[in-house]
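Worksheet: the structure to be examined is printed underneath.
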Amino acid sequence: MKQAMVIINPSSGKELALEYLRKVEDVLREKAGYDVVVNETTKELDATNFCISACEDKFDLVVSIGGDGTLHETINGLLDQPHRPKLGVIPLGTVNDFARALHIPLDPDQAITTLTSSRLRRVDMARVNDQLFANVVAAGSLADTLSSVTSEDKSKLGALAYFKEGIKELLGNSAASLTIEHDGGKWEGQAPIFIAALTNSVGGFENLAPDASVDDGLLHGFIVHDLNFFNTLTAGFSLLLGNLKDHKDVEYFTSRHIRVASTEDVKTNVDGEPGPMLPIDLHILPSHVQVIVPEDEEK
Ligand SMILES: Nc1ncnc2c1ncn2[C@@H]1O[C@H](COP(=O)(O)OP(=O)(O)OP(=O)(O)O)[C@@H](O)[C@H]1O
């Protein structure tokens, strides 16, 4: 019989996670014909360790129930594994970038019905130093600020919570000196933030990288420089309109490898969580995992 492991963060989704769990188990057993093992997380890295055991025991499917943090920890269990189960995603977070990028319904009940879909999409992941990411890496003083956006603000303001924190930081105007090497060249200068996106949706802004598709085999790099309070507003509008890469203070490139370094102590943010200090090396892993997507997901 096919084996599915469900990894659930019971603290996600406003107390409703365990109710959704019962529905997920029903759908997987009754409609999709899986033998189901459930693992509840209690702390950081549990989801990674559960997913490692799913790979080692050659499970067919891993379903992550939780926010982007739980998903990020889950996919890190796939690192360096020769057998990688298919992935199902039930989004219970406040931002849910990965689900947005794959057109997985943000309504958990609808997402659960997607688990019976026969449509799989091969999705790129990327490596940053010794971990994997599914959505985005940001580096710079602004990236550090993004790590401190509270869950309360995210629930209340959605993507705009990041904008609010960003403006506060830019008023302090702290750019870092960055050296960014990519397949097409090298950039050196002062920048408050560098972003490498794998998908169109970053921080809930579905338009940040409209050209980034989940399976294009590319990292999409945005160097935002010379940002002050006034042109932050125009950059903000460009972001909402989906033409950030054309903004005069933004340098855009695509690449399969990126190295970001600094002579200063600069923090990063990986998939919305605090990441390693610079330097970082990014490498695309094309078509790394097969994700269950809705039958009618547009390409
Ligand atoms: N039982 C638990 N109680 C509290 N925290 C947990 C538990 N299990 C895992 N965690 C931690 O909670 C973090 C955040 O989880 P997750 O992303 O699922 O929820 P969220 O914060 O609601 O989502 P979002 O960031 O989109 O708002 C995880 O990275 C994990 O380390």
Side-chain angles (χ1 to χ4, degrees), residues 5-24 37-54 62-79 87-112 125 128 130-138 143-166 195 197-206 208 267-276 291:
M5 181 186 286
V6 176
I7 299 175
I8 177 167
N9 176 353
S11 75
S12 64
K14 302 183 187 114
E15 318 287 315
L16 289 171
L18 292 171
E19 203 169 293
Y20 294 123
L21 170 64
R22 279 189 290 277
K23 294 181 185 170
V24 169
V37 173
V38 174
N39 283 308
E40 289 185 24
T41 61
T42 56
K43 59 183 183 314
E44 211 181 326
L45 291 186
D46 277 357
T48 304
N49 290 322
F50 291 139
C51 185
I52 290 172
S53 68
V62 166
V63 177
S64 165
I65 310 182
D68 284 331
T70 302
L71 183 70
H72 174 76
E73 289 189 14
T74 300
I75 61 142
N76 267 281
L78 304 172
L79 185 71
L87 183 65
V89 179
I90 309 301
L92 293 190
T94 41
V95 173
N96 305 309
D97 276 325
F98 193 68
R100 283 173 196 271
L102 285 162
H103 307 112
I104 292 169
L106 298 180
D107 173 69
D109 282 312
Q110 285 179 32
I112 291 168
M125 301 263 141
V128 48
D130 57 0
Q131 58 173 304
L132 292 183
F133 68 98
N135 270 304
V136 63
V137 167
D144 185 30
T145 310
L146 300 186
S147 302
S148 63
V149 174
T150 63
S151 284
E152 199 191 343
D153 260 5
K154 275 195 268 175
S155 315
K156 246 184 4 219
L157 304 171
L160 290 175
Y162 290 100
F163 203 51
K164 177 184 145 199
E165 286 302 316
I195 296 168
L198 275 175
T199 68
N200 63 302
S201 184
V202 174
F205 291 103
E206 293 187 29
L208 188 133
K267 293 183 184 168
T268 68
N269 180 295
V270 178
D271 282 347
E273 309 289 324
V291 184

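Both counts, for ligands and for their atoms, begin at 1 and track the order of listing. Quick caveat, the model's predicted, so the values are computed rather than measured.
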As a check for students: among Thr48, Asp68, Thr94, Asn9, identify the option with a heavy atom nearest to atom 14 (C) of ligand 1. Asn9
Any idea which atoms of ligand 1 are less than 4.0 Å away from a heavy-atom of Glu44? 31 (O)
To the nearest 0.5 Å, tell me how far Asn96 CG sits from Leu106 CG. 6.0 Å
Point-to-point distance, once rounded to the nearest 0.5 Å, from CD1 of Ile65 to CG of Leu71: 12.0 Å
Considering only protein heavy atoms, which is closest to atom 21 (O) of ligand 1, and at what distance to one decimal place? Ser151 OG, 4.2 Å
Closest approach of any protein heavy atom to atom 1 (N) of ligand 1, naming residue and atom: Thr41 O, 2.9 Å
As an exercise, state the distance from OG1 of Thr70 to CD1 of Ile8, rounded to the nearest 0.5 Å. 9.0 Å
One should read off an interatomic distance between Ile90 CD1 and Asp107 CG, to the nearest 0.5 angstrom, of 10.0 Å
Side-chain contact test, heavy atoms from C-beta onward, threshold under 4.5 Å: evaluate it for Val270 versus Glu273 and give yes or no. no
Among all protein heavy atoms in this structure, tell me which lies nearest to atom 5 (N) of ligand 1, with the distance rounded to 0.1 Å. Ser11 OG, 3.7 Å
Nearest neighbour in protein (non-hydrogen) for atom 18 (O) of ligand 1: Thr70 OG1, 2.3 Å
Where is the nearest protein heavy atom to atom 25 (O) of ligand 1: which residue, which atom, and how far? Lys154 NZ, 3.1 Å
Just to verify, which of Asp97, Thr199, Asp68 counts as forming a side chain to side chain donor-acceptor pair (under 3.5 Å) with Asn135? Thr199
For ligand 1, which atoms have a heavy atom of Val95 less than 4.0 angstrom away? 26 (O)
among protein heavy atoms, the one nearest atom 29 (O) of ligand 1 is Glu73 OE2, 2.9 Å
Nearest-contact summary for atom 17 (O) of ligand 1 - protein heavy atom, Å: Gly69 N, 2.8 Å
Atoms of ligand 1, numbered as shown, that sit under 4.0 Å from any heavy atom of Gly66: 18 (O)
Just verifying a value: how many Å separate Met125 CE and Leu78 CG, rounded to the nearest 0.5 Å? 7.0 Å
Inter-residue atom distance Asp130.CG - Leu79.CG, 0.5 Å rounding: 7.5 Å
What I want to know is whether Gly93 and ligand 1 share at least one N or O pair that is separated by under 3.5 angstrom. no
